[in-house]
Amino acid sequence: MSSLADELSAQILELVVAAIARGEITGTAPDLITLDRPKNRDHGDYATSIALQLAKSAGKQPREVAEILKGAISQLPGVSSVDIAGPGFINITLNRSNQAELVRTILSAGKNYGSGSSLKGVAINLEFISANPTGPLHLGHTRWAAVGDALGRVLSASGAKVSREFYINDRGRQMDLFGQSVQAAATGQAIPEDGYQGEYIKDLAVQVLATNPSISTSEDFREAAYRIQLDEQKSVLDTFKTHFDTWFSERSLHDSGAVEHGLLKLREQGHVFESEGAIWLRTTDFSDDKDRVLVKENGELTYFASDTAYYINKRERGSDICIYMLGADHHGYVNRLRAVAACAGDNPDYNIEILIGQLVKIMEGGEEVKLSKRAGTIITLAELVEKVGVDAARYTLIRYPVDTPMVMDIDVLRKNTNENPVYYVQYAHARIAAVLRNVAELKIIYTLENFDPAQLTHDRENELLGALAEYPRIVASAAELREPHRIARYLEELAGVYHGFYADCRVLPMGDEPAAPIHSARASLCAATMQVISNGLDLLGVSAPERM
RNA sequence: GCGCCUGUAGCUCAGUCGGAUAGAGCACCUGCCUUCUAAGCAGGUUGUCGCUGGUUCGAUUCCAGCCAGGCGCACCA
């Protein structure tokens, strides 16, 4: 679906190209004309600085260039007036009833309004969380649980074929320590020095013994506890409304021969070498700080070997782009992962993307809660949900760009006030639902057929239409930039515009006043707004309540 | 030491490809519910966009250097 702004932008580009062809302007046309929505309402519905950009090569004053384009732009369909302002901005005002046609577009597209095709045909593997199955998911995983899931939804909405994966690190020393720790807890022995100390280990021990009292070896404890812990992670994520297409076990990578296969592929590409008894990948060929060991001197495969094999496996399963969402404490992996892609013969600037999320601090009772596994002050995802609810937790985690460190204040999230922006947005949705219930009760008809765009002439209506028109662009940019927070910020803006409309534009007839076309038209506008809020919240995995 | 991220209002933070008077919420004041959900609206107050240079018609945005904070630099997983 192309938005009104996109069409307008393309049409202006044609005009610029034509003007250059006629020799009225010298220079080269840009690939694309950017249309901004001016902050100031006096600057029209859309504005472009194209004249300022072309002025230099044209050898003319910016306002002269703008003057050349002005006439043709004002002839474009749907444009009501064009003004030149300031140093040479071209401000475009759209025909209002033409703009109001958008309501029909939204209502007929329904859930699909906002979806696009910018990523059509692209298969994306989205890997996030990927926690060890040796403990509950905690706050460190939470940001990605929300943002990763939302990004998956946003990418899908842009036409990509998305596979969300959770990589289970179910192999290696940590798993063995985990097994030994549970066994120690079950048999009343001291937990190993470098083992897992948390209270949950004791719970696991109890559960393991309950199902199998005769269990004895640490391997058996490990396997039994692993299954319980993994199930618990799955169930918590399920309540958090985060879903995965594939839970990919590191073990399966080894069992299936994928690791051997990956090594072979890297050898073929010529980046594998032996030194000091170990087998290495020469990642320094591709701007890594140092080369990385694949097979240790003692013959064991490193975790890095699994990583490389997993990447190759993802690509061979058909993913064009592999996105990794990692915490800031893993940012040292960026170069080596990119190097892996390059070593496998791929383009590290296309086939692999690594998103680094800064850590989340948490405040409660006015103090920062220090997270420490040893001190037992880890806050789990389950606890967070219990304290503030799924919607508030998800929304808050998503509304900030991931490269800013964020502070979550538990006390604020518990409040049902504006400090908690999720309510502001949800309230707008619920408010519209209430209005439409009343509309239905008064038997006011608002259909696609009887919608009359000419009724919507109020400034508030116009402003609301403008905001609704932005939605497809917002979704497209959120997908392109991998930044789902843009959806949240947009929804806050849209909710604000709606509340303003609501305050100034009465939807229902007053008292005994008979229903008129304006009431139907406004009801349609409300329905369109509700649809967009609902679509947006859906991309965030946050509920859109009918009543609050 | 090297690398990545961050520094915008009293607080928490938006502001992608450089654009017009730098925004929002909270906090603080003032109005607005005997007609749609006041979890709302309208208005007021709040800034050396970390610092210094550079690029140009124009820099919070791009570049360089510096200062401050966070996080990393394993034949661990």
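Letters A, B, ... mirror the listed sequences (proteins, then strands); counts begin at 1. This one's a predicted model, so the numbers in the text were calculated from it and none came from an experiment.
Side-chain proximity of A:His499 to B:G40, B:C36, B:G72: nearest is B:G40. Each of B:C41, B:A39, B:A74 was ranked by its minimum atom distance to the side chain of A:Tyr424; first place goes to B:C41. Residue A:Arg486 has its side chain nearest to B:U16 when only B:C71, B:U16, B:C17 are considered.
Using a 4.0 Å heavy-atom distance criterion, A:Gln426 is classed as making no nucleic acid contact. Residue-level contact check: A:Met175 touches neither bases nor backbone, having no heavy atom under 4.0 Å from any strand. Counting any heavy atom pair closer than 4.0 Å across all strands shown, A:Ala55 reaches no nucleic acid atom. The residue A:Phe89 sits close to a base: some heavy atom pair falls under 4.0 Å. Base engagement by A:Glu546 is indicated by at least one non-hydrogen atom pair under 4.0 Å involving a base atom. A:Val435 comes within 4.0 angstrom of a nucleotide base, judged by non-hydrogen atoms across all strands. Using a 4.0 Å heavy-atom criterion, one finds that A:His43 contacts the bases of the nucleic acid, with or without backbone contacts as well. Counting non-hydrogen atoms under 4.0 angstrom, A:Ser306 reaches nothing in the nucleic acid. A:Cys526 comes within contact range of no nucleotide atom at all, as no heavy-atom separation falls under 4.0 Å. Within 4.0 Å (heavy atoms only), A:Arg460 reaches sugar-phosphate atoms of the nucleic acid but no base atom. Within the 4.0 angstrom heavy-atom criterion, only backbone atoms of the sugar-phosphate kind lie near A:Ala328; the bases stay farther away. Nucleic acid contact class of A:Ala47 (heavy atoms, under 4.0 Å, all strands): base.
The strand RNA chain B forms stems, runs of 3 or more Watson-Crick or G-U wobble pairs with distances below 3.5 Å, at B:1-7 with B:67-73, B:10-13 with B:23-26, B:28-32 with B:40-44, B:50-54 with B:62-66.
Nucleotides B:G69 and B:A24 place their C1' atoms 25 Å apart, quoted to the nearest Å. Taking atom C1' on both nucleotides, B:G25 is separated from B:A9 by 12 Å, rounded to a whole Å. Nucleotides B:A20 and B:C62 are separated by 15 Å at their P atoms, to the nearest Å. Here the separation of B:U55 from B:U61, taken at their C1' atoms, is 14 Å to the nearest Å. Rounded to whole Å, the separation between the P atoms of B:A39 and B:G47 comes to 32 Å. Look at the C1' atom in both B:U21 and B:U60: the space between them is 15 Å, to the nearest Å. For the P atoms, the distance linking B:U8 with B:A14 amounts to 10 Å, nearest Å. If you take atom P in B:G3 and the same atom in B:C41, they sit 47 Å apart, rounded to whole Å.
Counting heavy atoms of neighbouring residues, nucleotides and ligands inside a 6.0 Å radius, atom CD of A:Glu219 exceeds 12 of them. Around NZ of A:Lys361, the count of heavy atoms belonging to other residues, nucleotides or ligands within 6.0 Å does not exceed 12.
In summary, of the residues considered (A:Leu151, A:Ile354, A:Ile129), a side-chain contact (heavy atoms from CB on, under 4.5 Å) with A:Met325 occurs for A:Leu151 alone.
Spacing between atom CG of A:Leu481 and atom C1' of B:G15 amounts to 13 Å, rounded to whole angstrom units. Taking atom CG of A:Asp83 as the reference point, atom P of B:A20 lies 18 Å away to the nearest angstrom. For the pair A:Glu250 CD and B:C76 P, the computed distance is 14 Å after rounding to whole Å. Going from atom CG of A:Leu397 over to atom P of B:A14 covers 13 Å, rounded to whole Å. Counting to the nearest Å, the C1' atom of B:A74 and the CG atom of A:Asp291 are 14 Å from each other. Atoms CH2 (A:Trp280) and C1' (B:A74) sit 10 Å apart, rounded to a whole Å. Between the CD atom of A:Glu483 and the P atom of B:G15 there is a distance of 7 Å, given to the nearest Å.
Residues satisfying the salt bridge (charged side-chain N to carboxylate O under 4.0 Å, His left out) test with A:Asp459, not counting sequence neighbours, are A:Arg96. Under the ring-ring contact (aromatic ring centres under 6.0 Å, His included) criterion, A:His141 pairs with A:His138, not counting sequence neighbours.
When atom types are taken as modelled, the side chain of A:Gln233 and the backbone of A:Asn132 share a donor-acceptor pair closer than 3.5 angstrom.
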Report all interatomic pairs (protein N or O, nucleotide N or O of nucleotides 56-64 of chain B) with separations under 3.5 Å.
unit_1 : atom_1 : unit_2  : atom_2 : d
B:C57  : OP1    : A:Lys56 : NZ     : 3.0

Pull out every protein N or O sitting under 3.5 Å from an N or O of nucleotides 5-8 of chain B, one pair per line with the distance.
unit_1 : atom_1 : unit_2   : atom_2 : d
B:C5   : O2'    : A:Gln358 : NE2    : 3.3
B:C5   : O2'    : A:Asp403 : O      : 2.7

Restricting to nitrogen or oxygen on both sides, can you table the protein-nucleotides 32-35 of chain B pairs closer than 3.5 Å?
unit_1 : atom_1 : unit_2   : atom_2 : d
B:U35  : O2'    : A:Arg506 : NH1    : 2.5
B:U35  : O2     : A:Gly511 : N      : 3.3

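Both tests hold for A:Arg431 against A:Tyr502: distance to the six-membered ring centre under 6.0 Å, angle to the ring axis within 45°.
Between A:His485 and B:G15 there is a side-chain polar atom (N or O) within less than 4.0 angstrom of OP1 or OP2. Proximity of A:Lys296 to the phosphate of B:C76: a side-chain N or O atom is located under 4.0 Å from OP1 or OP2. Taking 4.0 angstrom as the limit, A:Asn335 places none of its side-chain polar atoms (N or O) nearer than this to OP1 or OP2 of B:C73. The phosphate of B:A39 (OP1 or OP2) has no side-chain N or O of A:Tyr502 nearer than 4.0 angstrom.
Within the 4.5 Å cutoff, the side chain of A:Thr396 has no heavy atoms near those of the A:Val422 side chain. Annotation: side chain of A:Leu301 is in contact with side chain of A:Val259 (closest heavy-atom distance under 4.5 Å). A heavy-atom distance below 4.5 Å is found between the side chains of A:Leu155 and A:Leu119. Between A:Lys443 and A:Glu441 there is no side-chain heavy-atom pair separated by less than 4.5 Å. Put simply, the side chain of A:Asp291 does not reach to within 4.5 Å of the side chain of A:Leu281, judged on heavy atoms. Residues A:Thr134 and A:Met175 form a side-chain contact, since some pair of their non-hydrogen atoms from C-beta on lies under 4.5 Å apart. Side-chain atoms of A:Leu494 and A:Val425, non-hydrogen and from C-beta on, never get closer than 4.5 Å to each other.
On a pure distance criterion of 3.5 Å, a polar donor-acceptor pair joins the side chain of A:Asn91 and the base of B:A20.
The minimum heavy-atom distance between A:Leu464 and A:Tyr498, with the atom names listed, is CD2-CD1, 3.9 Å.
For A:Tyr310 and A:Phe248, the gap between ring centers is short of 6.0 Å.
Using a 30° and 60° split on the angle between ring planes, A:Phe273 and A:Trp280 fall in the parallel class, below 30°.
Glycosidic conformation at B:C63 (O4'-C1'-N9-C4 for purines, O4'-C1'-N1-C2 for pyrimidines): anti, more than 90° from 0.
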